[in-house]
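It should be emphasised that the depicted structure is a prediction, and the values quoted were computed from it without experimental measurement. Count residues from 1 along the sequence. Start at 1 and go down the list; that is how both ligands and their atoms are numbered.
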Amino acid sequence: MAEKSVYRASTTAPVNIAIIKYWGKRDLALNLPTNSSLSVTLSQLSLRTLTTASSSAGYSGDSLTLNGKPQDIQSSKRTLACLSHLRSLRQALESVDSSLPKLSGLPLRIVSENNFPTAAGLASSAAGFAALVRAIADLYQLPQSPADLSRIARQGSGSACRSLMGGYVAWRAGSLSDGSDSIAEEVAPVSHWPEMRAIILVVSAEKKDVSSTEGMQTTVATSSLFPVRVQTVVPSRMDSMEAAIRNRDFSAFAEITMRDSNSFHATCLDSWPPIFYMNDISRAAVRLVHDINRASSKTVCAYTFDAGPNAVIYYLEESSELVVGTFKAILGEDINGWHGPFGDRLLSVTEGVAL
Ligand code: ADP
Ligand code: DP6
Ligand code: CO
C-alpha cells in the first residue's frame, strides 16, 4: 500500500487571566457572553498549551489527545464546531486553488499538552482552544486574522478568544444574534505597560467539581445579583478599566481587578445551589494582598481568581521583591495561622510576566 502523506503544524498558546470576568452566556449554541470582558495575556514562559494538528488519509477519524489521554471529541459540540468552521475555510481555499492538497476532506489528529493544571481555574480552556484553533489554521494555511480566529476559538471556550492576542485584550460581547461581532480586540500591546508582572499561586492542581460552563449556567438561571452585575456593574468597569490601562494607573487597575473578582465570586455564592471556587488558602491570599497594600500605604498588588482556588497576583516590576518575596516566604506554610483539615497549603509560586 502506498504511504499516506501526513501534513502537520504545531503551535503554542498562552493563558490569559481576566481582570473583568466573563461569566454567563446569552446563547449556548454560539457561546455568546452576557457581558464583555477584559484580560491580560501571560507570558508563554509560564503557562502554555502546546498543540500539534495533523491531517492524513491514513487516520481513521478525527481525534484529540489531551495530556496523553484520548478525549471523546464527538460528544464535544463546541470542539466539533471549531473543526467544522476551520474545515470550511480550508475548503474555500481549495476550491479556488486546485493545486492545494485536499486537507479539508482528511481526518484530523490533534495532540495537546498543558504545562500547568487542567480544569483547575488557570484558564486551560483558554490556552487549549486558542492553540487548537491556531494549530489547525496553520496546518490549513488559512489567511484569517487573529480577530477572525478569535470568533472560532470563542465557540470552543469563550475565554479562548482572548488568548489569540497578546497584552491587554477585550472580548466585546457584541449584539448580533449570529455572534459575528463577538470577538477579541487588543486594547493595548504589552509594550504599552511593560512593567506589568503576574505571579500564579497554585493552591490546588485538582480538577474543579463544577466546570466553568456548568457554573455560569447555574448563576445565570438562579442568582439575583447576576442581572445587576451584567447590566450596570460590568459595563462601567469595562470603561474604567480601559481608562486605567490607557493611563497606566496601577492603583485603579488593581482596585477594579480585585472588586471584579470578588463580584464574580459573589454571584457564584448567590447561585442556587451555591458554587464555591475559592477556599481558605485563596481567602488567606486575599487578606495577605490587602495587608501588603495597607503596609505599603499604596496599592502595589492585586489578586484575581478565575473559576478555581488558584490566585493570580498582578503587580509592577518595582514591587517584585516585596510581592514575590512575601508570597514565597509563606510557601508550604500555614497561612495566617490557619490549619486546614485537608492539609491545604500554598503549593507553588510561579513567576510569569505579562506577554
Ligand atoms: P479552566 O479553568 O482550566 O479553563 P474549564 O472548566 O473552563 O477549566 O475547562 C476545562 C476543559 O477545557 C477541560 O476539561 C478540557 O475539556 C478543555 N481543555 C483544557 N485544555 C485543553 C487543551 N489543551 N486542548 C483542548 N481542550 C482543552
Ligand atoms: C471565570 O471560557 O472557561 O475564567 O466558554 O464555557 O468554556 P466556557 O467558559 P470559560 O469561562 C471562563 C470564566 C472565567 C472568567 C474569564 O476568563 O473571563
Ligand atoms: Co476555562
Considering only heavy atoms from C-beta outward, does the side chain of Ser145 approach that of Leu149 to under 4.5 Å?
no
Heavy-atom nearest neighbour in the protein, as seen from atom 2 (O) of ligand 2, with distance rounded to 0.1 Å
Ser159 OG, 2.6 Å
For ligand 1, is there an N or O atom under 3.5 Å from any N or O atom of Ser212?
yes
Does Arg109 count as lying over the ring of Tyr59, i.e. NZ or CZ under 6.0 Å from the six-ring centre, within 45 degrees of the axis?
yes
The closest protein heavy-atom partner of atom 12 (C) of ligand 2 is Tyr22 CD2, 3.9 Å
Which ligand 1 atoms, with their elements, are less than 4.0 angstrom from a heavy-atom of Gly121?
2 (O), 3 (O)
Polar-atom distance check: Thr213 versus ligand 2, any N or O pair below 3.5 Å?
yes
Using heavy atoms and a threshold below 4.0 Å, how should the contact between Ala18 and ligand 2 be classified: side chain, backbone, both, or neither?
side chain
Which is it for Lys208 and ligand 1 at heavy atoms under 4.0 Å: side chain, backbone, both or neither?
side chain
Counting heavy atoms under 4.0 Å, the part of Asn31 that contacts ligand 2 is side chain
Any idea which part of Leu66 is under 4.0 Å from ligand 1, heavy-atom wise: side chain, backbone, both or neither?
side chain
Can you name the atoms of ligand 1, numbered from 1 with element, that are less than 4.0 Å from a heavy atom of Ala120?
3 (O)
Could you list which atoms of ligand 1 come closer than 4.0 Å to a heavy atom of Thr49?
23 (N)
Option of least heavy-atom distance to atom 17 (O) of ligand 2 (set: Arg162, Lys21, Gln155):
Arg162
Based purely on interatomic distance, does Thr51 place a nitrogen or oxygen under 3.5 Å from a nitrogen or oxygen of ligand 1?
no
Flag Ser211 as yes if one of its N/O/S atoms falls below 2.8 Å of the Co ion (ligand 3), otherwise no.
no
Atom indices of ligand 2, in the order listed, that fall short of 4.0 Å to a heavy atom of Trp23:
1 (C), 13 (C)
Checking contacts here: is it the side chain or the backbone of Ser125 that comes within 4.0 Å of ligand 2, counting heavy atoms only? Could be both or neither.
side chain
Mind checking whether Phe264 has a heavy atom under 4.0 Å from ligand 2?
yes
Does Arg154 come within less than 4.0 angstrom of ligand 2, counting non-hydrogen atoms of the residue?
no
Looking at non-hydrogen atoms alone, which of Ser125, Ala135, Gly158, Ser124 comes nearest to atom 7 (O) of ligand 1?
Ser125
Short question: side chain of Asn115, backbone of Arg48 - any donor-acceptor pair under 3.5 Å?
yes
